[in-house]
There are 2 protein chains.
Amino acid sequence: MGPAIGSDQPASTEGLRRRNTSLVLRSLRMHGPATRAELAKRTGLAKATVGVIVGGLAEAAAVDEADSVPGGRGRPGRPVTLTGGGLLGLGLELNVDYVSAVLLDLGGRVRLSETRPATDAARLPALLELARDVVRREPGGRLVGAMVAVPGLVRGDDRSVAWTPNLDATGLAADVEAALDGRCRVSVGNDANCAAYAESHHGAATGVAHALYLTGTVGIGAGIVSDGRLQRGSTGFAGEVGHMPIGDSTARCGCGRRGCWEASVGLHAMLTAVGMPELATPLRSAQAVAARAPADPAVREALARLGEDVGLGLAVLANVLDPEVVVLGGYFVPLGEHVLAPARRSLDERLPSAAQRRPELRLSTLGMEAAALGAAELALEGVFSGDVPVG
Amino acid sequence: MGPAIGSDQPASTEGLRRRNTSLVLRSLRMHGPATRAELAKRTGLAKATVGVIVGGLAEAAAVDEADSVPGGRGRPGRPVTLTGGGLLGLGLELNVDYVSAVLLDLGGRVRLSETRPATDAARLPALLELARDVVRREPGGRLVGAMVAVPGLVRGDDRSVAWTPNLDATGLAADVEAALDGRCRVSVGNDANCAAYAESHHGAATGVAHALYLTGTVGIGAGIVSDGRLQRGSTGFAGEVGHMPIGDSTARCGCGRRGCWEASVGLHAMLTAVGMPELATPLRSAQAVAARAPADPAVREALARLGEDVGLGLAVLANVLDPEVVVLGGYFVPLGEHVLAPARRSLDERLPSAAQRRPELRLSTLGMEAAALGAAELALEGVFSGDVPVG
DNA sequence: GACTTAAGTTCGAGTCTCGTACTTAATGGG
DNA sequence: CCCATTAAGTACGAGACTCGAACTTAAGTC
């Protein structure tokens with residue numbers, strides 16, 4: 001009669017252990033190292049149970065036990081730290097002009113990260129080689145999962161790509177899986193979603209349960225994190241906000257229509273507005289504009305108008321989704337307050353101030369590797385959610 | 001380091017049983033009656049386990065065992081039906097001009113439902129009396145939970161109301177709890193959210209995991225069901241779409257700004273456009289308009305323009321959320337295709353047709369009691385999710 | 001009436017969590 | 001220097017649960 005609510009998998013006693021293990025892992029991740037006794041208090045589990053679970057984690061090399069730290073009254077405890085050396089998640093990004101990889105361990109530390117330029121037919125081979133290289137350089141540890149971020153639409157199966165603008169991604173998951181010698185399952189995800197997840201775990205929205213990430217390149221896309229979970233919609237299309245009818249209703253968009261949001265706030269619109277040329281990458285272009293702004297009031301004014309339209313679109317998104325934090329990425333980062341300040345103003349004007357507070361606007365801090373980092377985090381998600389055994 | 005992913009509660013063996021019990025319940029609810037053997041196949045549990053679980057459910061009067069139905073080869077099975085007589089959820093709605101109540105059992109059957117007109121100071125007493133009456137008339141069975149739907153903003157605690165437009169709802173949860181003699185916990189929810197949940201379980205979007213519900217009264221609000229779960233945002237404000245800057249940018253809104261969506265598609269905008277007066281309720285007003293439309297081309301044209309703006313706003317929502325079905329409620333229902341057809345057209349124009357399919361637009365089938373029904377369903381949710389023991 | 005087929009139950013084995021009791025490792029006072 | 005105190009961690013038995021295999025039961029089939 002109704003859609004699914006809980007898990008549709010039968011739960012066994014082993015599943016129980018996995019759940020509680022993941023509970024301990026999350027506690028270590030979120031609140032830092034702790035003794036077994038502290039962990040028992042934090043998780044609500046019995047001391048004995050925590051002892052067994054930590055034992056298992058130590059055996060899997062997921063945690064390390066520090067020396068006891070005396071000072072208190074009774075027997076001092078040995079703090080358990082999440083090193084996570086044993087378990088690794090691989091995140092990859094296949095983009096229009098570069099590929100990148102991030103290898104992340106359970107403890108949240110980036111073990112390796114690398115970006116290589118690549119275009120056209122060289123992209124996929126470059127990605128596969130990068131994946132092989134990265135895994136080869138970290139021989140210890142078990143690869144728990146891998147995910148490839150792609151600028152395109154990914155179907156609900158997490159594998160097949162429904163549509164990409166400028167590159168071919170058919171068979172991508174299988175190709176990467178082969179490059180990794182079938183060491184783990186490979187899934188595919190949308191780049192904005194991955195970046196949003198990265199920001200909510202490592203970046204400008206760390207620890208925020210309701211966050212929104214906005215990509216800023218030629219196109220504008222959003223990644224939606226709600227209640228700590230990525231929202232993907234019924235066909236994986238959720239967050240494709242570039243073509244909302246917002247902003248200058250006469251602006252012609254690359255999609256053939258008029259009035260799309262990205263026709264007002266996409267990279268090309270911005271460059272046209274300030275009257276500057278497009279450089280090799282969106283970031284470069286924006287840096288050039290930012291460098292010019294202090295001396296050129298016309299540029300500043302153009303950016304202010306842009307910021308207003310950004311705020312207008314964010315007002316729509318805020319009214320629909322009510323996020324706590326909005327992170328702007330891509331070309332918005334170099335422009336900083338030139339765009340943020342007017343965006344905040346127009347956002348304020350459009351929110352019913354009585355009850356709703358404005359979501360905080362922040363700039364991305366993760367740079368080029370945001371999507372790959374988020375993909376790596378998503379590759380590890382199964383462990384933290386208790387779906388994948390750590391042993 | 002990151003937001004919560006899994007459950008933050010420790011899992012015991014009893015929790016295990018609850019989970020598996022809820023698995024059996026959901027299977028019965030979604031796929032209908034089945035023998036124990038069939039249930040074992042559907043859920044993946046062992047035959048023995050299903051036997052024990054069904055035994056417990058029978059003891060709690062949640063299921064009934066029919067006579068065996070011969071015809072096949074071996075020993076015929078006894079189909080188990082979800083009657084759910086023992087366990088009840090109470091849904092209430094406190095609205096501007098009426099109060100209503102729905103009593104729902106675990107099997108999804110509406111046991112009682114009643115609406116009474118009430119305004120101003122008489123509202124709350126009327127609601128409390130209605131709640132008492134409804135519970136008194138169904139003495140058998142255990143009240144598992146109760147929820148009150150309110151046209152306003154509800155905080156994350158599910159109890160306190162941050163803001164309501166035209167009525168006072170402070171202390172509402174406690175008052176209702178007292179009226180029910182503390183028989184169960186009472187929570188409070190937003191009316192659009194409740195109605196959305198009702199549509200996704202009993203109405204026009206039954207069984208749809210990604211659904212959007214649009215209220216149509218003086219104000220316009222949305223209820224968002226994503227992956228079967230209600231989306232409420234960081235402060236409970238998610239879905240407050242009435243003041244998105246969409247439609248006629250010069251239209252003056254009740255909130256003081258111009259260009260809000262509900263200034264173009266709210267009840268007052270519609271009535272002004274067709275040049276007809278407001279009657280006692282939004283539904284009456286719309287029925288009068290619908291009655292006039294066949295004979296009056298000017299009315300039809302006004303509704304077509306309205307429908308276009310409805311589609312424009314839905315295009316925004318579809319791009320952000322990617323729902324499978326959109327259900328229109330409130331005053332939109334009597335107007336039917338007069339609004340739906342142009343809305344579909346303008347929606348099609350604004351969706352990147354290459355990859356995205358248009359969400360299906362449907363009219364609500366639940367009438368006035370949608371919100372109360374959804375509230376009742378939400379009151380039972382704990383049982384289906386395994387958080388509340390059925391014994 | 002014997003055989004086949006499939007549903008449902010019984011039973012023992014294996015896991016898991018939990019509370020209690022116990023051991024261990026530190027501090028502090030006599 | 002020794003012993004009480006305090007608190008961390010472990011050992012162990014009780015209880016709950018799932019599972020597979022064996023068993024019983026109720027039909028149809030030859």
Inset, instruction - Evaluate the criterion side-chain contact (heavy atoms from CB on, under 4.5 Å) for residue pair B:Leu39 and B:Leu28; output intermediate values, then yes/no. - result: CA-CA 8 Å; B:Leu39 281 173; B:Leu28 286 171; 4.0 Å; yes
Inset, instruction - Evaluate side-chain contact (heavy atoms from CB on, under 4.5 Å) for A:Arg17 paired with A:Ile53, printing each intermediate quantity in order. - result: CA-CA 8 Å; A:Arg17 166 59 59 90; A:Ile53 288 176; 3.9 Å; yes
Inset, instruction - May I have the step-by-step check of side-chain contact (heavy atoms from CB on, under 4.5 Å) for A:Leu378 and A:Leu230, ending in yes or no? - result: CA-CA 10 Å; A:Leu378 284 163; A:Leu230 275 178; 3.8 Å; yes
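The shortest distance between side-chain heavy atoms of B:Leu103 and B:Leu143 falls below 4.5 Å. A 4.5 Å side-chain heavy-atom check between B:Val24 and B:Leu45 finds at least one atom pair inside the cut-off. Residues A:Asp8 and B:Arg26 have side chains in contact (heavy-atom distance under 4.5 Å, counting atoms from C-beta outward).
Sorted by first and then second residue, the side chain to side chain donor-acceptor pair (under 3.5 Å) pairs involving residues 67-89 of chain B (not counting sequence neighbours) form an empty list. Within the structure, every pair that satisfies the side chain to side chain donor-acceptor pair (under 3.5 Å) test and touches residues 176-188 of chain A, not counting sequence neighbours, is listed here: A:Arg159-A:Glu177. Every pair passing side chain to side chain donor-acceptor pair (under 3.5 Å) that includes a residue from residues 36-55 of chain B is listed here, sequence neighbours excluded: B:Ser27-B:Arg42, B:Arg36-B:Glu65.
Along DNA chain D, the stretch of nucleotides lying under 4.0 Å from any heavy atom of chain B spans, 5' to 3', D:dA16 to D:dT29.
To the nearest angstrom, C1' of C:dG19 lies 13 Å from CD of B:Glu14. Distance B:Lys47 NZ to C:dT9 P: 10 Å, rounded to the nearest Å. We find that CG of B:Leu16 is positioned 14 Å from C1' of C:dG14, with the value rounded to whole Å. Atom P of nucleotide C:dT17 and atom CG of A:Leu23 are separated by 11 Å, given to the nearest angstrom. With rounding to whole Å, B:Arg36 atom CZ is found 14 Å from C:dT10 atom C1'. Here C:dT17 presents its C1' atom at 9 Å from CZ of A:Arg17, a figure rounded to the nearest Å.
Nucleotides of DNA chain D nearest to A:Pro10 and A:Lys41 differ in position, and the one nearer the 5' end is that of A:Lys41. Mapping B:Ala48 and A:Thr21 onto DNA chain C via the closest heavy atom, the residue that lands nearer the 5' end is B:Ala48. Residue-to-nucleotide proximity on DNA chain C shows that, of B:Glu38 and A:Gly44, the 5′-proximal contact is made by B:Glu38.
At C:dC18, none of the side-chain N or O atoms of B:Thr13 fall inside 4.0 Å of OP1 or OP2 (strictly under the cut-off).
Axis orientation changes by 20° from one end of the helix from C:dG1-D:dC30 to C:dG30-D:dC1 to the other, with each end axis drawn from 5 pairs and the value rounded to 10°.
Closest approach to the A:Asn20 side chain among C:dG14, C:dT17, C:dA7 is made by C:dT17 (side chain taken as heavy atoms from C-beta onward).
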Do any N or O atoms of the protein come closer than 3.5 Å to N or O atoms of nucleotides 24-30 of chain C, and which pairs are they?
residue, atom, partner, partner atom, Å
C:dT24, O2, A:Arg75, NH1, 3.2
C:dT27, O4', A:Arg73, O, 3.2

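Under the 3.5 Å distance criterion, the side-chain polar atoms of B:Arg142 are left unmatched by any main-chain donor or acceptor of B:Gly86. A donor-acceptor pair is defined here as one N or O able to donate and one able to accept, closer than 3.5 Å; such a pair exists between the side chain of A:His201 and the backbone of A:Tyr197.
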